[in-house]
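Read through the structure below, which is laid out as structure tokens, and then see the notes.
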Amino acid sequence: MDGAQVSALALLSQVFGFDGFRPMQGDIVAAVTAGEDVLAILPTGGGKSLCFQLPALIRPGLTVVISPLIALMRDQVRALREAGVAAGALTSGNTEEETAEVFDALHRGALKLLYMAPERLASGGTGRMLAEARVTMIAVDEAHCVSQWGHDFRPDYLRINALRRALDVPLAAFTATADAETRDEIVERLFDGRAPRLFLGGFDRPNIHLAFAAKESPRKQILDFAAARPGQSGIVYCGTRAKTETLAKALSDTGGDALAYHGGMEPDARREVERRFQTDDGLVVVATVAFGMGIDKPDIRWVAHADLPKSIESYYQEIGRAGRDGAPAETLTLYGADDIRFRRMQIDEGLAPPERRMADHGRLNALLGLAEAQGCRRVRLLAYFGDAAEPCGACDLCDAPPETFDGTEAVMKALSAVLRTGESFGVGHLTDILVGSATEKVMQRGHDRLPTFGVGRDIDRRQWGAIFRQMMGHDLVRPDPERHGGLRMTQAARPILKGEQAILLRRDTMTTVARRPAVKA
Ligand code: ADP
Ligand code: ZN
């Protein structure tokens, strides 16, 4: 991993609060930072703005961003400023003070990003002003607006090319419009026909089989998964350093070739594991997320998560290390109620400001939604990144559609137990109440006298555990850090409690040991 990559990742987390790149972002950021001309086509919601904002911070001087939408520019500038980045916009929506402030910062050489609408380019003053500023890059958002045949044509986009020539700086163009004609027009009209480096989004990695399983006997689940794939290179991601060691040992003890890897190891020892993974056949590395960034091994045949990743972005990035050669690769992600609790608490106990924490919960929710999905996982995963897809035939849920049942009544009972106990208890105690178990704690608190006591006798403890896990997965209840992780009800649960909305639960992850994905010959 080179220095530029390290600083890009550090800024990604410090300034933007993200723990990893979205698909394609890392490569695009590297190319733009290196000063290449770039045309990147990513679906809406794919995270295009980061692809010029982050390089703008790493590169010296000023980046000019041309964007057609005033509201969007203002949003981005506000978000950047809140993150401590010197950004400004020149738009018709500015107050005089705002404009004066931007010019002042510009003269002082203090700006990193200057947003402007294309109409600004029509005035000669703008060209002179930019020629005097230390512009080192131009970024063009919604680059398809340069196409005369699209319905978003903005004549002033045709002035961008002249600006690029005059300033003689690299240009990075972004759009979600992927058809070849528009692409050709962009190349012709923004780059004088000299082909830029092209990034064509489309996040699907169809050769990677997707599978999740609820934790039943997690160690055995991982050992079985690895044992079914002898002689193949694989990675097992774990949530803690200690677990990488114990699991690597368990794998070796059962005849596998496995090594642990985590950030607490000596650099030499880590490099040795990396080297052996690259060169040996069939080695399994059991690692924390510290493993992978510098790894460029095309024939990793499988990736397993012994614990739930942090977010849907991390999940995609980690499974994406498998099957770079295009040959079939498999994944298995284990998750359980404890993982969900752990990840929630990690977010709530972190030092991030409230909005960022909310966004983190949202990204975790997206991953949990994928874990508890009832239809094709790929459709759901790609939808999150803005790509449409058909049911894929290469995920566990396509292989064997899950059986569901109407869980409304059970969920209502569980919610009632949560509410009647003041939203301060965990799954174990709530289950005791539901199945009518008169434990000491139940008696002490008088919870045996609640109307909810024993109303869930028809369901066994283990199944209640699975129901609570699914409820957490659907974000109906969340652990409350203020109350030692006791579950509290969320807004999303209200319509169910009121009987306005039904909820389907998956039966397959309730009672049986979770299925392993089919082993392909
Ligand atoms: P686009 O312009 O491609 O439609 P945006 O740049 O507006 O997409 O990004 C879409 C959303 O994705 C934003 O909410 C942004 O904060 C989020 N996002 C972008 N990159 C990442 C990342 N690496 N990790 C997590 N979220 C991201
Ligand atoms: Zn599928």
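Indexing begins at 1, ligand by ligand and atom by atom, following the structure's order. Side chains included, hydrogens not; waters and symmetry mates left out as well; all remaining heavy atoms used. Throughout, residue positions are numbered sequentially from 1 according to the sequence presented.
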Legend entry - Distance filter under 4.0 Å to Ser49 heavy atoms, resulting ligand 1 atoms: 5 (P), 6 (O), 7 (O)

Inset, instruction - Enumerate the atoms of ligand 1 whose separation from the nearest heavy atom of Gly20 is less than 4.0 angstrom. - result: 22 (C), 23 (N), 24 (N)

In the protein, which heavy atom is nearest to [atom], and how far is it?
{"atom": "atom 10 (C) of ligand 1", "answer": "Gly45 O, 3.6 Å"}
{"atom": "atom 17 (C) of ligand 1", "answer": "Arg22 NH2, 3.7 Å"}
{"atom": "atom 20 (N) of ligand 1", "answer": "Gln25 NE2, 2.9 Å"}
{"atom": "atom 16 (O) of ligand 1", "answer": "Phe18 CZ, 3.3 Å"}

Inset, instruction - Please work out the angle at the Zn ion (ligand 2) defined by atom SG of Cys376 on one side and atom SG of Cys398 on the other, rounded to 10°. - result: 100°

Inset, instruction - Heavy-atom distances under 4.0 Å are what count here, so tell me which part of Lys48 touches ligand 1: side chain, backbone, both or neither. - result: both

Inset, instruction - Mark yes when over 12 heavy atoms from residues, nucleotides or ligands other than Glu390 sit less than 6.0 Å from its CD; otherwise mark no. - result: no

Inset, instruction - Evaluate the ring planes of Tyr315 and His305, with Trp represented by its six-membered ring, and classify them as parallel (under 30°), tilted (30 to 60°) or perpendicular (over 60°). - result: tilted

Inset, instruction - Report the relative orientation of the aromatic rings in Phe277 and Phe291; use parallel for angles under 30°, tilted for 30 to 60°, perpendicular for over 60°. - result: perpendicular

Inset, instruction - For atom 24 (N) of ligand 1, decide whether some protein heavy-atom distance is shorter than 4.0 Å. - result: yes

Legend entry - Short side-chain donor-acceptor distance under 3.5 Å, His474 and Asn365: no

Inset, instruction - Report yes or no: do Glu142 and Tyr157 form a side-chain donor-acceptor pair below 3.5 Å? - result: no

Inset, instruction - Say whether Ser311 and ligand 1 are in contact under the criterion: heavy-atom distance to a ligand atom below 4.0 Å. - result: no

Legend entry - Exam field: side chain Gln25 to backbone Arg22, donor-acceptor pair closer than 3.5 Å: yes

Inset, instruction - Kindly say whether Leu370 contributes a backbone atom to a donor-acceptor pair with the side chain of Arg377 at under 3.5 angstrom? - result: yes

Inset, instruction - Establish, yes or no, whether the cationic atom of Arg229 lies under 6.0 Å from the six-membered ring centre of Phe225 and within 45° of the ring axis. - result: yes

Legend entry - For atom 8 (O) of ligand 1, the option (of Gly47, Gly362, Ala176) bearing the nearest heavy atom: Gly47

